[in-house]
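Structure first, commentary second.
Every heavy atom of this structure was used, including side-chain atoms; hydrogens, water molecules and symmetry mates were not.
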Amino acid sequence: RPCSPPGLVGAGRRAPPLHQPRSSWLQRSGAQTVDLLLQDAVCTLNTLQTNASALEQVRRERGHPQLQLQAMKGYLQRAGLMVEELDQLNIIHVTGTKGKGSTCAFTEQILRNYGFRTGFYSSPHLVQVRERIRIDGQPISKDLFSKYFWQVYGRLDETKDAHGGSMPAYFRFLTILAFHVFLQEKVDLAVIEVGIGGAYDCTNIIRKPWVCGISSLGIDHTSILGDTIEKIAWQKAGIFKPGVPAFTVKQPEAPMTVLQQQAEEIGCSLSVCPELDEYEVEDGPLRLGLAGQHQHSNASLALQLSHCWLQRRYLPGMLSIGYVHAFVLANGFKPSPGMVKGLQDTEWPGRTQTLKHGRVTYFLDGAHTTRSMQACVPWFSEAAAQHERSAGGPVLRVLLFNATGERDCAAMLKLLVPCHFDFAVFCPNITETIPTCNADQQNFNVSVESMLTRCLDNQQSWRVLNGEEEKATAELLISSNLPLVAELRTETLVFPCILSALQWITQGRDSVLTNPAKTVIPVTSCVADKAASLREAAEIHVLITGSLHLVGGVLKHLDPASVS
């Protein structure tokens with residue numbers, strides 16, 4: 001069944017037939033049947049992306065945010081689940097502005113090393129929506145996703161007429177689906193990453209987590225969470241529960257004060273994690289599977305969360321005995337071998353990730369706030385310098401950037417200027433303009449025109465930050481019927497999709513991108529001429545950052561295994 005072309009928002013969008021006789025599909029065998037069922041599920045899921053009625057619902061609820069949790073409980077019940085059932089999942093609940101996903105990944109890997117069957121719910125996904133719901137560290141299989149999707153969707157669809165035709169929006173549905181999957185698969189614990197905020201996030205229908213964590217705080221999602229760090233801290237502290245221990249990394253004084261006050265008011269302990277080097281380790285410093293100095297605080301938080309969870313697992317009475325209302329500095333205990341190995345083995349694609357394809361090295365980091373970009377820049381500078389020392393010739397640096405939503409793009413780009421890029425390339429989060437079905441990365445909430453306009457604005461910001469004067473005339477990059485995108489100077493270019501940008505940057509030097517299955521998008525001769533230095537360089541180093549969705553689109557092309 002056809003989907004809209006990937007990323008071409010609104011182009012040919014059609015709601016899928018929701019009541020096809022899937023029993024006939026199930027009787028067929030082979031991977032093709034599984035893929036068809038999955039495609040049907042993902043296309044149907046995409047119809048829950050924010051539309052006019054959902055936007056109106058969001059506007060109503062924003063004035064009365066408590067309605068969000070009430071609505072979520074209603075949807076959960078319609079799906080056949082009770083809030084009380086979530087208590088069985090032995091949940092670790094984590095929020096924060098920066099690093100909450102990495103913290104969850106560290107925590108899940110540590111506890112999986114102990115032999116526990118883990119569930120892990122995170123967002124957003126990079127390549128496939130199944131990544132958001134993991135069992136034992138792996139995205140749930142295609143057939144399990146389809147099976148459980150239709151169980152939940154069917155129940156909600158059957159009851160919608162009695163509830164004014166309402167269906168949960170995309171993220172709410174996936175949260176319900178994750179809870180259903182974890183209960184059906186009988187996980188020993190579930191690590192749940194908050195979507196946005198905390199107090200009114202739909203994951204916060206959890207009543208009795210085993211432990212809560214807050215990673216580094218910063219300014220983000222201000223239209224939803226508030227425009228000050230104190231307001232944001234209040235929202236994040238909304239996941240605290242009475243008597244449930246909470247941990248946080250070291251925060252600036254203002255948000256830390258808010259967290260303390262909220263912990264006292266709610267009635268839970270709040271402990272501040274020590275520095276990573278304060279843990280007792282015999283064989284040198286702890287080694288992390290995720291690169292970057294900023295991962296140290298995430299790893300420390302993960303150690304405290306997993307240690308607390310294990311204490312409760314093996315000492316069931318510890319909560320009522322050992323945790324009172326207090327604000328303390330957590331102890332730097334001696335990590336077990338399982339914890340040490342868990343930190344070292346952790347993988348979290350798209351975050352400080354390096355991929356080397358022959359003479360082209362990709363540095364991928366989904367940094368999308370100024371705080372996360374402040375962490376990305378030193379990581380990239382150090383990692384790129386290490387690779388350059390063994391390059392054996394001149395190396396060109398290329399920035400591939402995009403940002404979405406209300407992000408302060410100019411502030412992020414300003415932080416990237418000292419990296420001294422030879423080219424700055426901008427493109428929207430559209431994987432490719434060729435009309436193939438890529439339902440996992442469809443976005444119906446933003447138009448192509450607005451995405452391209454944002455790219456041109458970012459290009460101009462980069463030029464201003466580098467002290468360049470605007471060129472009066474523009475040259476067309478793509479010699480075809482693709483969207484008309486202009487280029488202003490040799491150093492900065494805008495492309496209509498991720499594939500066209502990658503193909504121009506690599507100039508045929510990455511065999512993955514020259515695969516016959518990857519249609520080469522033609523560029524004008526003058527643009528091709530400007531790539532001469534890329535063809536002559538000993539190596540090309542590409543930093544992809546600004547958006548997790550951009551990183552996901554790049555990984556779709558660079559790592560074919562990620563879409564299997």
Side-chain angles (χ1 to χ4, degrees), residues 285 287-295 344 347-367 373 375-401 413 415-427 462 466 487 489-493 495 498-516 518 520-521 523 525-546 550-551 553-562:
R287 292 186 292 274
L288 306 182
L290 305 183
Q293 184 70 27
H294 60 288
Q295 295 293 356
Q344 186 173 343
E347 296 179 352
W348 195 224
R351 290 82 170 176
T352 59
Q353 179 183 9
T354 302
L355 290 176
K356 187 171 179 59
H357 288 195
R359 291 294 183 177
V360 183
T361 304
Y362 303 91
F363 302 86
L364 303 104
D365 189 67
M373 195 61 73
C376 171
V377 167
W379 162 74
F380 168 74
S381 299
E382 181 180 348
Q386 290 178 354
H387 283 267
E388 286 168 4
R389 283 193 284 269
S390 59
V395 176
L396 288 188
R397 287 186 177 185
V398 181
L399 170 66
L400 179 56
F401 181 91
L413 289 170
L415 294 169
L416 289 163
V417 170
C419 293
H420 303 294
F421 293 100
D422 298 283
F423 292 94
V425 177
F426 304 92
C427 70
W462 181 261
N466 284 272
E487 176 270 338
R489 288 181 66 90
T490 304
E491 297 85 355
T492 64
L493 302 99
F495 287 89
I498 293 170
L499 179 59
S500 61
L502 289 174
Q503 288 178 335
W504 184 85
I505 291 168
T506 56
Q507 291 295 303
R509 303 176 74 168
D510 187 342
S511 59
V512 173
L513 296 172
T514 56
N515 186 300
K518 302 287 186 185
V520 178
I521 301 175
V523 298
S525 57
C526 63
V527 172
D529 292 342
K530 292 172 183 177
S533 58
L534 290 169
R535 292 189 291 270
E536 296 168 0
E539 290 192 7
I540 301 170
H541 289 174
V542 190
L543 173 63
I544 300 104
T545 191
L550 172 66
V551 170
V554 169
L555 283 173
K556 175 183 179 292
H557 292 299
L558 299 184
D559 184 10
S562 65

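The OG1 atom of T361 sits 3.5 Å away from atom NZ of K356, with the distance rounded to the nearest 0.5 Å. Within the model, atoms CG of D510 and CD of Q503 stand 10.0 Å from one another, a figure rounded to the nearest 0.5 Å. Here the CD atom belonging to Q353 is positioned 9.0 Å from the CG atom belonging to L558, to the nearest 0.5 angstrom. For the atom pair CD1 (I505) and CD1 (I544), the distance works out to 7.0 Å, reported to the nearest 0.5 Å. L415 CG to C376 SG: the interatomic distance, rounded to the nearest 0.5 Å, is 9.5 Å. Taken from CG in L543 to OG1 in T354, the straight-line distance is 10.0 Å, to the nearest 0.5 Å.
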Criterion side-chain contact (heavy atoms from CB on, under 4.5 Å) on H541 and V398, from CA distance to verdict: CA-CA 6 Å; H541 289 174; V398 181; over 6 Å; no
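Residues satisfying the side chain to side chain contact (heavy atoms under 4.5 Å, CB included) test with A531, not counting sequence neighbours, are W504, Q507, L534, R535. With sequence neighbours excluded, the residues that form a side chain to side chain contact (heavy atoms under 4.5 Å, CB included) with T514 are S511. In this structure, the side-chain hydrogen bond (donor to acceptor under 3.5 Å, both in side chains) partners of Q295, at least two apart in sequence or on a different chain, are S102, N298. When the ring pair (Phe, Tyr, Trp, His ring centres under 6.0 Å) test is applied to H357, the partners found at least two apart in sequence or on another chain are Y362. The side chain to side chain contact (heavy atoms under 4.5 Å, CB included) check on A391 picks up V395, E539, with sequence neighbours excluded.
In this structure, the side chains of V512 and H557 stay at 4.5 Å or more apart for every pair of heavy atoms. Considering only heavy atoms from C-beta on, F421 comes within 4.5 Å of W462 through its side chain. At a threshold of 4.5 Å between non-hydrogen side-chain atoms, the residues C427 and L550 count as touching. Between L416 and M373 the shortest side-chain heavy-atom distance falls below 4.5 Å. The side-chain heavy atoms of L399 and L413, taken from C-beta on, include a pair separated by under 4.5 Å.
The main-chain N or O of L555 is never found under 3.5 Å from a side-chain atom of D559 such that the two would form a donor-acceptor pair. Not a single donor-acceptor pair under 3.5 Å links the side chain of T492 to the backbone N or O of A424. R397 places a side-chain N or O within 3.5 Å of a backbone atom of C419 that can act as its donor or acceptor partner.
Contact detail for L396 and S533: the closest heavy-atom pair is CD1-O, 3.3 Å. Residues A501 and L400 approach most closely at CB-CD1, 4.0 Å, considering heavy atoms. When all heavy atoms of K530 and F423 are compared, the pair lying nearest together is O-CZ, 3.6 Å. When all heavy atoms of V554 and I498 are compared, the pair lying nearest together is CG2-CG2, 3.7 Å.
Residue Q344 qualifies as enclosed at atom CD: its count of foreign heavy atoms under 6.0 Å is above 12.
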Indicate every side-chain donor-acceptor pair of residues 378-385 with a distance under 3.5 Å to a residue at least two apart or in another chain.
residue	atom	partner	partner atom	Å
S381	OG	V377	O	2.9

